[in-house]
Amino acid sequence: MATSLRLVYKSSDIILDYCCTPCEEDNLKTEAEVYCEKCTTFYCGSCINMHKQLYKKHTTYGRSDIKYWPVAKPTRDLIEKCELHTEEKLKLYCEDHKQICCNTCVSLDHRQCTTVNLIKDAVKTQSIADLQQLFAEINTMLQQLTQLRKSGEANIRSLHELYKKSAQDIHKFRQKINEALDELEAMTTMKLDFAMKTIESDLKTDIDNCSKVYEELNCFKDVMQDISDKNTELVFVACKKWLNKKKQSESLLQRMSTQTGITFSFQTHDNIGTFLSELSGLGTVIHERLVDQDRPLSVIAKSYFSVKTTSEKLFIQSMCGVCCLPDGQLLVTDLYNKSLKLLNKQYQVVSNCHFDGFAYNVCHIGKTDVVVTLDDNKDTGELKYVTVDKGTLVKGKTLQLKHRCFGICHRQGELYITSRRALYKYDLNGKQLKKLYEGSSESSVFTCDITYNGDKIFVINRRDDMLLTLANDGTVLSKFSDPELKSPWGVHVTYAGQVLVCCEKTNTIMQVHSDGKKKIASMSLEADGYKSPMSVFYNLISASVVVGIGSSPSIVVLKVK
């Protein structure tokens, strides 16, 4: 048997496990050294001398024979105390709910239960859980908590290194521009410091939670060792209590295990010279807890919004493209009405602008600027630049391209544009940099999106019901098909790296593995009456997937986790 605890953990207090009974009657807290079985009394080193003179034939046990001592009162209190009603002891067991209860628990929650017994009676009919199994589970949980704590501490060390690197990047970039940017540098460094403190605080909170649960379980384990062969009633109660502690610990482990690390970097603004007067800092400080990019998204709520305006008379509408501004406002392209619509955070149309060509797709290129692809089913296409100015869409320049213009995405000052047959890379001024990939037929290169770090490009091959994964230089990495992947249209890669594909004929949004080789999950729209999803976008601000519908002037907002 394990040595009895010298101290008992109780909240933030340290309590002696055994107090001298005579001293305690005099309101003194003295640690007991001897126990008299016949007197059922504890004695300190001083009081035992008087006892020996009065009761010479009484058998006593010192600390070396603590196995003959009864369960300590603080230990008993720790086990017997009701966690809901802390002033009461657990005395009853409800067979109906398999719960240990105090009198208040029974009167409040178990009045209608058919079988509520005293714990001492329940012990006679109930089997005690295997203590070795209980200890093994506690040890496993302690090991996992230790690993998580070490991982958190390593993340903090890594965080400081990333912080130093980001600070150096800021300073190097700052040296390339003139003295007029001093104020912007100060603002950006302030954002960096804020991000640093925020994520470091989150990590420290996680570590503190691990430490707290670790200490509680470690103490609980020691208490179990102390009572394991002394009091079957206490063992029974402790085993039942362990089930709740186990659930709490598993919940903490599950929540923290999904957060696999940290990311921290500095991203400069594109065309800083052009947009200098509009900028609020030197760049964007990107900080977030990393999650598993291949963790399936699950829908927890659905909402539906009409984006038809009163001035539009054309019944056939298709929400063919969607993107989001940094402040949470959405932009959607209405294919057949040849328009771009600005939606506020309540998904209401607040501005609308019309074009000469069919508006297929839209992508965000910086702060309040977006680019729309226009196509009239001819051999050429157009890029239309639009700015959001105080809630109003303002048309900018138009660039003519020598091929059709359909899908579009943007990363680090470069535009990736599909012509239905090929994928091209352009700069923001409309200069063609490279033809990255060419398909074998019309609609074999339909729409596209690129990962946040720019290492992979996902391309929809609508002709062959296929998703292509390309390297940044256009090399084909994989080709994926699936029975559900029928007439695919839009594709989107979230900030976390999750790949979402619109399956028009099966009315689903499919989540594909980050390597583009297998299906992970599906979000169906079939039961809701909304058909033909054409565009999809993950709104980081609202943690929701926005789906543009091809069969009606509507969008579907899927709240996901």
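These numbers come from the heavy atoms of this one structure, side chains and all, not from hydrogens, waters or symmetry mates. Along the sequence shown, residues are numbered consecutively beginning with 1.
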Original post:
Is there side-chain contact between L330 and V322, with at least one heavy-atom pair below 4.5 Å?
Top reply: yes
Original post:
With side chains defined as the heavy atoms from C-beta onward, is the minimum distance between I457 and D449 less than 4.5 Å?
Top reply: no
Original post:
Is the number of heavy atoms from other residues, nucleotides or ligands within 6.0 Å of NZ (K519) greater than 12?
Top reply: yes
Subject >> Flag, side chain of R411 to backbone of N453, donor-acceptor distance under 3.5 Å >> reply: no
Original post:
If you measure only the distance, is there a donor-acceptor pair under 3.5 Å linking the side chains of Q498 and S514?
Top reply: no
**OP:** Could you note down all residue pairs passing side-chain hydrogen bond (donor to acceptor under 3.5 Å, both in side chains) where residues 41-61 supplies at least one of them, sequence neighbours left out?
**Re:** none
**OP:** Would you please name every residue forming a salt bridge (charged side-chain N to carboxylate O under 4.0 Å, His left out) with K204, sequence neighbours left out?
**Re:** E200
Subject >> From CG (L90) to SG (C82), nearest 0.5 Å >> reply: 5.0 Å
**OP:** Kindly compute the distance separating OG1 (T494) from CG (L540), expressed to the nearest 0.5 Å.
**Re:** 8.5 Å
**OP:** Check D208, V213, I207, D206 against R149 for a side-chain contact (heavy atoms from CB on, under 4.5 Å) and give me the one that passes.
**Re:** I207
Original post:
For the residue pair F305 and Y347, does the interplanar ring angle fall in the parallel (under 30°), tilted (30 to 60°) or perpendicular (over 60°) class?
Top reply: tilted
Subject >> Atom NZ of K150 with >12 non-hydrogen neighbours under 6.0 angstrom >> reply: no
Original post:
If only atom types and distance count, is the side chain of T198 paired as donor or acceptor with the main-chain N or O of F194 below 3.5 Å?
Top reply: yes
Original post:
Quick one: do the W242 and E137 side chains pair a donor with an acceptor below 3.5 Å?
Top reply: yes
**OP:** Could you tell me whether the side chains of S522 and Q511 share a donor-acceptor contact shorter than 3.5 Å?
**Re:** no
Subject >> Rounded distance [0.5 Å steps], NZ in K561 versus OG in S298 >> reply: 5.0 Å
**OP:** Examine distances only and state if a side-chain atom of K197 and a backbone atom of L192 form a donor-acceptor pair shorter than 3.5 Å.
**Re:** no
Subject >> Verdict with supporting geometry, L500 and V491, side chain to side chain contact (heavy atoms under 4.5 Å, CB included) >> reply: CA-CA 6 Å; L500 305 177; V491 59; over 6 Å; no
Subject >> Exam field: side chain K505 to backbone L485, donor-acceptor pair closer than 3.5 Å >> reply: no
Original post:
Which heavy atom of C44 sits nearest a heavy atom of T30, and at what distance?
Top reply: CB-CG2, 3.6 Å
Original post:
Looking at CD of Q144 and CG of L217, how far apart are the two atoms once the value is rounded to the nearest 0.5 Å?
Top reply: 11.0 Å
Original post:
Would you find a donor on one side and an acceptor on the other, under 3.5 Å apart, between the side chain of D482 and the backbone of E484?
Top reply: yes
Original post:
Just by distance, do the side chain of N507 and the backbone of S532 share a donor-acceptor pair under 3.5 Å?
Top reply: yes
**OP:** Describe, in one word, how the ring planes of F42 and W69 are oriented to each other, choosing from parallel (under 30°), tilted (30 to 60°) and perpendicular (over 60°).
**Re:** tilted
Original post:
With the threshold set at 4.0 Å, does a side-chain nitrogen-carboxylate oxygen contact exist between E24 and K29?
Top reply: yes
Original post:
Going by atom types only, do N103 and K89 share a side-chain donor-acceptor pair under 3.5 Å?
Top reply: no
Subject >> G454 versus N472, closest heavy-atom pair with distance >> reply: O-ND2, 2.8 Å
Original post:
Run the side chain to side chain contact (heavy atoms under 4.5 Å, CB included) check on H492 and V545 step by step: do they pass?
Top reply: CA-CA 10 Å; H492 173 63; V545 174; over 6 Å; no
**OP:** Rounded to the nearest 0.5 Å, what's the gap from NE2 on H171 to OG1 on T189? Could you check?
**Re:** 10.0 Å
Original post:
Can you check side chain to side chain contact (heavy atoms under 4.5 Å, CB included) on K479 and L467, steps first, answer last?
Top reply: CA-CA 6 Å; K479 297 180 180 181; L467 175 69; over 6 Å; no
Original post:
L525 and K531: side chain to side chain contact (heavy atoms under 4.5 Å, CB included), yes or no, with the steps?
Top reply: CA-CA 7 Å; L525 305 176; K531 298 182 179 180; over 6 Å; no
**OP:** For D515 and T469, test the side chains for any donor-to-acceptor distance below 3.5 angstrom and give the result as yes or no.
**Re:** no
Original post:
Do E31 and R63 pass the salt bridge (Lys or Arg N to Asp or Glu O under 4.0 Å) test, and can you show the C-alpha distance, the side-chain angles, and the key distance before you say yes or no?
Top reply: CA-CA 11 Å; E31 188 175 38; R63 284 280 180 176; 3.5 Å; yes
Original post:
Is it true that atom CD of E250 has more than 12 heavy atoms of other residues, nucleotides or ligands lying nearer than 6.0 Å?
Top reply: yes
Original post:
Heavy-atom count around Q346 CD within 6.0 Å, excluding the residue itself: above 12?
Top reply: yes
Subject >> Side-chain donor/acceptor of D96 to backbone N/O of C113, under 3.5 Å >> reply: no
Subject >> K456 NZ to L477 CG distance, which is reported to the nearest 0.5 Å >> reply: 7.5 Å
**OP:** Run the numbers on E215 and K212 for salt bridge (Lys or Arg N to Asp or Glu O under 4.0 Å), then give the verdict.
**Re:** CA-CA 5 Å; E215 292 298 328; K212 179 181 177 183; over 6 Å; no
Original post:
Which atoms form the tightest heavy-atom contact between P326 and I541, and what is the distance?
Top reply: O-CD1, 3.1 Å
Subject >> Any donor-acceptor pair under 3.5 Å from N344 side chain to Q348 backbone >> reply: yes
Original post:
Is a side-chain N or O of S544 found less than 3.5 angstrom from the main chain of V557, in a donor-acceptor match?
Top reply: no
Subject >> Stepwise ring-ring contact (aromatic ring centres under 6.0 Å, His included) check, Y35 with Y18 >> reply: CA-CA 10 Å; Y35 172 68; Y18 294 96; 8.0 Å; no
